[in-house]
A.B. asks: 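Dropping a structure here in structure tokens format, bear with me for questions.
Note that these values count all heavy atoms, side chains included, but never hydrogens, waters or copies made by symmetry. A note on names: the letters A, B, ... follow the listed sequences, proteins ahead of strands, and every chain is numbered from 1. Remember, predicted model here, so these are calculated numbers, not experimental data.
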2 protein chains.
Amino acid sequence: MKLHQLRYFVAIVQNGMNVTTAAHKLHTSQPGVSKQIRLLEDELGAPLFLRESRELTGLTEVGQQVFNRSLTVLREIQSIRGVTADLTRAQRGTLSLATTHTQARYVLPPVIQRFRASYPDVELHLHQGTSEQIAELASLDRIDLAIATGGEAVFSEFVLLPCYRWHRKIIVPRDHPLASVQRPTLKQIAAHPIVTYVFSFNGPSSLQELFAAAGLEPKVSLTARDADVIKTYVRLGLGVGIVASMAIDPIADADLVAIDGAHLFPSHTTWLGFRQGALLRGYTYKFIAELAPHLTRDVIEAAMGEPDRAARTELLQALPLPAL
Amino acid sequence: MKLHQLRYFVAIVQNGMNVTTAAHKLHTSQPGVSKQIRLLEDELGAPLFLRESRELTGLTEVGQQVFNRSLTVLREIQSIRGVTADLTRAQRGTLSLATTHTQARYVLPPVIQRFRASYPDVELHLHQGTSEQIAELASLDRIDLAIATGGEAVFSEFVLLPCYRWHRKIIVPRDHPLASVQRPTLKQIAAHPIVTYVFSFNGPSSLQELFAAAGLEPKVSLTARDADVIKTYVRLGLGVGIVASMAIDPIADADLVAIDGAHLFPSHTTWLGFRQGALLRGYTYKFIAELAPHLTRDVIEAAMGEPDRAARTELLQALPLPAL
DNA sequence: TACAGTTACGGACCGCGTAAGCATA
DNA sequence: TATGCTTACGCGGTCCGTAACTGTA
């Protein structure tokens, strides 16, 4: 069994069982790839692919298992390469993040600015998406770090570290009746149409449930996917906006009144995740420290070394968590 | 980077940094091994070994990290081989167990007898030792399954499945004053010298503490490492024996009176452990089923697929656990 | 001089690329 | 006829074993 045989095998699977395109991406010839797969199957003594005449149409059960384990092998090989790359070319490399709109738009810009100043030669890739899309990228090993809120269940094989806590704020135009209320009640808010996130509103522990629990059924005039859209419509007088606390810019949003919602809505934790056993480059630790200063290298390595998630959680609960 | 380079590297480390002996065990020449290590170091761009002139004296920090990850790689490669070996040569292979005296002597014999009848061509290896020795073998990948009681903390990267519960029994000669007592108290027992396991007596939640909590300080006439020795000395009248319930053979021990101790001593769980992500052969599932019928393949695969130990524990707590 | 690792070299093997073959839509 | 995998074959690299070499106790 050779490493490149596993690489070929994985490439074929990841290219929809198409040997020709896989060979292209591997910068090699198609017959070579075919032959190596054949050799691998011969050595293992069982076919990896389901075949219809000459076409490959899927994986056998054996193929599926071998595929999973091959991924682990190739991941580790990549990490072994990284071990020394980190020492000899410490200032160069890539860092791929996946995160949600709110983080990408409001939280990460200053973090990334500081990071780029320290490591100008690190190639940064920022992928924006929903929790599910982030999880997808993560499971395919396409990213080094995931930053998100909620959806912990989706990232079951990941080490999740809490970054900071945040809460919701209520935004209204200056001339709105709520603008002068310091601590509005749910009832006062529900008297007006609401503009908020699509994802905040539905599902369990949502705003909808929160209002319902108080016997209220607010009118929702608009649900958007990001705070910029919400603020735009609040400015147009469509209703009361409910957004994440860090989405408010004191200067750019000076025309709006932001009212603290901590007494009404539960707080949330944004976490950072990466695959258990992943190799984090030196600059990755630096990036994390810029994002969440309490996540020092020692803390991260301690959490990574603890295979049990419950024990990790306990370990991390002692940390002072910043609030935004 | 080639797989055999990692194999060579690991072999050298596991043979005390000696290239010559490593080459021997690998059935190849010493210069070849040297050269491959050199190529590997060149490719990684950093030395893996600490050297004094030409001698290898230890691992660099990089070497240590590469070593750990190489082990994972080789383990996975081995598993990939096993995936098909299990299908094509399902009846052949090896099964290595590590366990304690009580299991090896009293619990496993009938299990192994039934297993051998089904799979005469599977080579069985049974290693007996203390919890620490078992953990050592397990961490070196020398065994497929560990079976033990207690010491859960030592096996942190293992999947632990509960096999059965057991409790302690009190054994005395037929003519002993306690022989006719159905439910003796701790005080009645403490009136006589005690013969029990070394490991049961010391440490936290030990018998010593249990008696002390009741304000008693029994005289311990002998601590042994196994029940056979304890029974021998109980027969000689050295005192009251306290042994695991499964260590009593109704026929061979008919000359002793065994009194249930479930009302006095806490019960224990014997568990079975293997490395998370290990490949279990078909006959291994069969063996486990012989040992603990509630651990069916479905249950084991569900537990193995759950990366979080707390969730695993929860999953397993619903199972009906046999008592011995 | 014994021991441990390095350097040097010829042979065998193997993976690659090109080119031709074959089956399916 | 286009697509996609297989077979055939020559080239080049690489891994191996033997043998000679170098440095250390």
Side-chain angles (χ1 to χ4, degrees), chain A residues 1-60 62-63 66-67 70 73-74 77 80-81, chain B residues 1-60 62-63 66-67 70 73-74 77 80-81:
Chain A
M1 198 181 323
K2 302 284 162 57
L3 275 179
H4 64 255
Q5 293 175 333
L6 301 185
R7 251 191 285 275
Y8 289 4
F9 171 55
V10 167
I12 293 174
V13 176
Q14 289 181 337
N15 286 281
M17 313 294 154
N18 188 313
V19 179
T20 310
T21 61
H24 253 100
K25 294 213 180 163
L26 292 163
H27 305 293
T28 184
S29 70
Q30 178 273 321
V33 176
S34 275
K35 181 153 191 203
Q36 292 307 315
I37 293 301
R38 216 216 162 80
L39 285 173
L40 180 57
E41 288 183 318
D42 285 352
E43 180 177 347
L44 294 177
L48 298 170
F49 290 103
L50 299 169
R51 289 173 168 85
E52 279 175 22
S53 90
R54 302 197 139 170
E55 211 112 346
L56 307 187
T57 55
L59 286 177
T60 61
V62 171
V66 172
F67 177 68
S70 298
V73 169
L74 298 178
I77 293 290
I80 288 175
R81 289 218 169 81
Chain B
M1 199 181 322
K2 303 284 164 58
L3 275 178
H4 65 255
Q5 293 175 334
L6 301 186
R7 250 191 286 276
Y8 288 4
F9 171 55
V10 166
I12 293 175
V13 176
Q14 290 181 337
N15 286 280
M17 313 296 154
N18 187 313
V19 178
T20 310
T21 61
H24 252 100
K25 293 214 180 161
L26 293 163
H27 304 293
T28 185
S29 70
Q30 178 273 320
V33 175
S34 275
K35 178 147 191 212
Q36 292 307 315
I37 292 300
R38 205 197 163 97
L39 286 172
L40 180 57
E41 288 183 319
D42 285 353
E43 180 177 347
L44 294 177
L48 299 171
F49 290 103
L50 298 170
R51 290 173 168 84
E52 280 175 21
S53 89
R54 303 197 139 170
E55 212 111 344
L56 307 186
T57 56
L59 286 177
T60 61
V62 171
V66 172
F67 178 68
S70 298
V73 169
L74 298 178
I77 294 290
I80 289 176
R81 291 219 167 80

A.B. asks: So that I know where these two stand, are A/F67 and A/F49 an aromatic pair - ring centroids less than 6.0 Å apart?
C.D. replies: no
A.B. asks: Give a yes/no answer on whether the side chain of A/S34 brings an N or O atom under 4.0 Å of OP1 or OP2 in D/dT6.
C.D. replies: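 For D/dT6, OP1/OP2 do have a side-chain N/O of A/S34 under 4.0 Å.
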A.B. asks: Measure the distance from CZ on B/R38 to C1' on C/dT6 and round it to the nearest whole Å.
C.D. replies: 8 Å
A.B. asks: Whole Å only: how far is the CZ atom of B/R7 from the P atom of D/dC15?
C.D. replies: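 Interatomic distance, CZ of B/R7 to P of D/dC15: 13 Å.
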A.B. asks: Using heavy atoms to find the nearest nucleotide of DNA chain D for B/P31 and A/T21 separately, return the residue whose nucleotide is more 5′.
C.D. replies: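 Nearest nucleotide further toward 5': that of A/T21.
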A.B. asks: Would you classify B/Y8 as touching base, sugar-phosphate or nothing, given that sugar-phosphate means primed atoms plus P, OP1 and OP2, and contacts are heavy atoms under 4.0 Å?
C.D. replies: sugar-phosphate
A.B. asks: For DNA chain C, whose closest nucleotide is more 5', that of A/Q30 or that of A/L39?
C.D. replies: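 That would be A/L39.
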A.B. asks: In whole angstrom, give the distance that lies between atom CG of B/L56 and atom P of C/dG5.
C.D. replies: 6 Å
A.B. asks: Tell me the interatomic distance from B/L40, atom CG, to C/dT6, atom P, rounded to whole angstroms.
C.D. replies: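 After rounding, the gap between these two atoms is 14 Å.
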A.B. asks: Could you check which of D/dT6, C/dG15, C/dA4 has an atom nearest any side-chain atom of A/R51?
C.D. replies: D/dT6
A.B. asks: Which comes earlier along DNA chain C counting from the 5' end, the contact point of A/H4 or that of A/E52, where each point is its nearest nucleotide?
C.D. replies: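 So the residue in question is A/H4.
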A.B. asks: Check this one for me: any side-chain N or O of B/T20 less than 4.0 Å away from OP1 or OP2 of C/dG5?
C.D. replies: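 For C/dG5, OP1 or OP2 has a side-chain N or O of B/T20 closer than 4.0 Å.
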A.B. asks: Can you tell me if B/N15 uses its side chain to pair, donor with acceptor, with the backbone of B/N18 under 3.5 Å?
C.D. replies: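 Judged by distance alone, no pair lies under 3.5 Å.
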A.B. asks: Give the rounded distance in Å between these two atoms: CG of B/L50 and P of C/dG5.
C.D. replies: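 So the two atoms are 14 Å apart, to the nearest Å.
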A.B. asks: Separation of B/K35 atom NZ from D/dA19 atom P, in whole Å?
C.D. replies: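 So the two atoms are 18 Å apart, to the nearest Å.
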A.B. asks: Counting side-chain heavy atoms from C-beta on, which of C/dA4, D/dG4, C/dG17 comes nearest to A/T28?
C.D. replies: C/dG17
A.B. asks: To check you understand the geometry: which heavy-atom pair defines the closest contact between A/S70 and A/V10, and what is its length?
C.D. replies: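 Smallest heavy-atom distance, with atoms named: CB-CG2, 3.7 Å.
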A.B. asks: Whole Å only: how far is the NE2 atom of A/H24 from the C1' atom of D/dT3?
C.D. replies: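 Interatomic distance, NE2 of A/H24 to C1' of D/dT3: 14 Å.
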A.B. asks: Does the B/T60 side chain pair with the main chain of B/L50, one donor and one acceptor, at a distance under 3.5 Å?
C.D. replies: no
A.B. asks: Check every strand shown and say whether A/K2 touches a base, only sugar-phosphate, or nothing at a heavy-atom separation below 4.0 Å.
C.D. replies: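 If one applies the 4.0 Å heavy-atom cut-off, A/K2 turns out to touch the sugar-phosphate alone, with no base involved.
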A.B. asks: To the nearest Å, how far apart are A/Q5 CD and C/dC14 C1'?
C.D. replies: 11 Å
A.B. asks: Looking at B/E41 and B/R51, does any basic side-chain N land under 4.0 Å from a carboxylate oxygen?
C.D. replies: yes
A.B. asks: With a non-hydrogen cut-off below 4.0 angstrom, is A/S29 in contact with a base, only sugar-phosphate, or nothing?
C.D. replies: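 Base contact.
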